[in-house]
*Asks:* 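Dropping a structure here in structure tokens format, bear with me for questions.
Keep in mind that what you see is a predicted model, and the values were worked out from it rather than measured. These values consider heavy atoms only, across backbone and side chains, with no hydrogens, waters or symmetry-generated copies. A note on names: the letters A, B, ... follow the listed sequences, proteins ahead of strands, and every chain is numbered from 1.
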There are 2 protein chains.
Amino acid sequence: MSKSLTVLTPAETVACCSPLSREPLSRPQAEQVAPLLKALADPVRLRLMSLVASHEGGEACVCDLNDAFDLSQPTISHHLKVLHQAGLLDRSKRGVWVYYRARTEALTDLGALIGNPSA
Amino acid sequence: MSKSLTVLTPAETVACCSPLSREPLSRPQAEQVAPLLKALADPVRLRLMSLVASHEGGEACVCDLNDAFDLSQPTISHHLKVLHQAGLLDRSKRGVWVYYRARTEALTDLGALIGNPSA
DNA sequence: CATCAATATTGACAGACGTCGATGCGTCGT
DNA sequence: ACGACGCATCGACGTCTGTCAATATTGATG
């Protein structure tokens, strides 16, 4: 898969928008932000994100994550891929194990876009 | 449709959760928050929310909103209903016109849940 | 009351989404 | 080299979602 230098993940484009209540979002802006929210808009992915983000070092092993759900391993893998492709999780393989790390700046930017009444 | 006294909209249940990075979201919590994000996770609804929230008085008439999109009137009506049922928009009918008002506390709570690194 | 204008509801349809079982692919012990 | 394990990918399935045209509903107006 191509990972060209100039390609930004959805999460990396969010910091540029002022909050929802500040001024109307343009159509292109909305189309950039929506996929990020879509990635979070699932109970399983929300818990995954929260598990990773709140884990020691902001990092968690897939092996731990699988056990926290009653879902099949491919399903968890799918959800992690969605979060990763949205730019909300970083992936790093160490030996046999794969670790996912939360992109806290992405979460911060997104939270500010949605909820920040000032700024 | 029933609007019993004890029924809370999804948006009204969010303030109770600590932020994603603070501690793992429980399954019930995730299932309460996800519908809210789902309601926002659409480019049209994001722009609608932003248009209403940034409008003078935090309120906008449907007639104005329709013109901001290339979509049919029923489609806009549908999206507004989704946002309203999620508890992100308040609806008030005045004469023939319907006005939607943004629930800024809901947005603030949701933003804090997603992005607030402290709190 | 008849009509018109502003929104909402309904029914239909194509496409997206969440889930699973089966399978593939690296990596570590033995 | 081989087998076992951790994780990803594939293909398939049912369900949910965004959109529209058609129609209903509600309120103002003549």
Side-chain angles (χ1 to χ4, degrees), chain A residues 1-3 10 25 27 30-31 33-49 51-52 55 59-86 88-101, chain B residues 1-3 10 25 27 30-31 33-49 51-52 55 59-86 88-101:
Chain A
M1 309 313 165
S2 62
K3 187 169 187 281
L25 227 55
R27 182 145 63 103
E31 285 166 354
V33 176
L36 254 173
L37 288 166
K38 225 170 213 174
L40 275 182
D42 178 277
V44 174
R45 290 198 289 268
L46 256 185
R47 287 185 62 206
L48 278 172
M49 199 65 204
L51 280 168
V52 173
H55 199 269
E59 194 179 58
C61 176
V62 174
C63 51
D64 297 331
L65 299 174
N66 276 321
D67 299 344
F69 298 86
D70 282 342
L71 297 169
S72 71
Q73 174 267 320
T75 297
I76 299 299
S77 187
H78 162 69
H79 286 305
L80 288 170
K81 183 182 184 179
V82 171
L83 289 168
H84 173 58
Q85 288 182 333
L88 293 169
L89 287 181
D90 273 343
R91 208 185 93 105
S92 74
K93 186 168 184 174
R94 295 206 284 274
V96 186
W97 289 274
V98 173
Y99 294 84
Y100 282 92
R101 172 180 297 273
Chain B
M1 302 311 165
S2 62
K3 183 166 189 286
L25 227 53
R27 182 145 61 102
E31 285 166 355
V33 176
L36 255 172
L37 288 166
K38 228 171 212 175
L40 275 182
D42 177 275
V44 175
R45 289 198 288 268
L46 256 186
R47 285 185 64 205
L48 278 172
M49 199 65 203
L51 279 169
V52 174
H55 198 268
E59 194 178 58
C61 177
V62 174
C63 51
D64 297 331
L65 299 174
N66 276 320
D67 299 345
F69 298 86
D70 282 342
L71 297 169
S72 71
Q73 174 266 320
T75 297
I76 300 298
S77 187
H78 161 68
H79 286 306
L80 288 170
K81 183 181 184 181
V82 171
L83 289 168
H84 174 57
Q85 288 183 333
L88 292 170
L89 287 181
D90 273 342
R91 208 185 93 105
S92 75
K93 188 168 187 176
R94 295 206 283 274
V96 188
W97 290 274
V98 173
Y99 294 83
Y100 283 92
R101 173 180 296 273

*Asks:* Could you give the OH-to-P distance, from A/Tyr99 to D/dA8, as a whole number of Å?
*Replies:* 13 Å
*Asks:* Take A/Phe69 and A/Ile76 through the test side-chain contact (heavy atoms from CB on, under 4.5 Å) and record every step on the way to the result.
*Replies:* CA-CA 8 Å; A/Phe69 298 86; A/Ile76 299 299; 3.8 Å; yes
*Asks:* Nucleotides 24-30 of chain C: which of its N/O atoms have a protein N/O under 3.5 Å away?
*Replies:*
none

*Asks:* When you measure from the centre of the six-membered ring of B/Tyr99, is the NZ or CZ of B/Arg94 closer than 6.0 Å and no more than 45° off the axis?
*Replies:* yes
*Asks:* Have A/His79 and A/Arg45 got a donor and an acceptor in their side chains that come within less than 3.5 Å?
*Replies:* yes
*Asks:* Within the structure shown, what part of the strands sits under 4.0 Å from B/Tyr100 by heavy-atom distance: base, sugar-phosphate, or nothing?
*Replies:* sugar-phosphate
*Asks:* Mind running a 4.0 Å heavy-atom check of residues 66-79 of chain A against DNA chain D and sending the residues that fall below it, in number order?
*Replies:* A/Gln73, A/Pro74, A/Ser77
*Asks:* CG of B/Leu89 versus C1' of C/dT7: gap in Å, rounded?
*Replies:* 15 Å
*Asks:* In whole Å, what is the span from the CD atom of B/Gln85 to the C1' atom of D/dT17?
*Replies:* 14 Å
*Asks:* Heavy-atom distance under 4.5 Å between the side chains of B/Leu89 and B/Arg101, does that happen here?
*Replies:* no
*Asks:* Are any of B/Arg91's side-chain N or O atoms less than 4.0 Å away from OP1 or OP2 of C/dT7?
*Replies:* no
*Asks:* What is the distance from CG of B/Asp42 to P of C/dA16, rounded to the nearest Å?
*Replies:* 14 Å
*Asks:* For the helix from C/dC1-D/dG30 to C/dT27-D/dA4, how many degrees between its two end axes (five pairs per end), to the nearest 10°?
*Replies:* 20°
*Asks:* D/dT9 phosphate, OP1 or OP2: any side-chain N/O from A/Lys81 under 4.0 angstrom?
*Replies:* yes
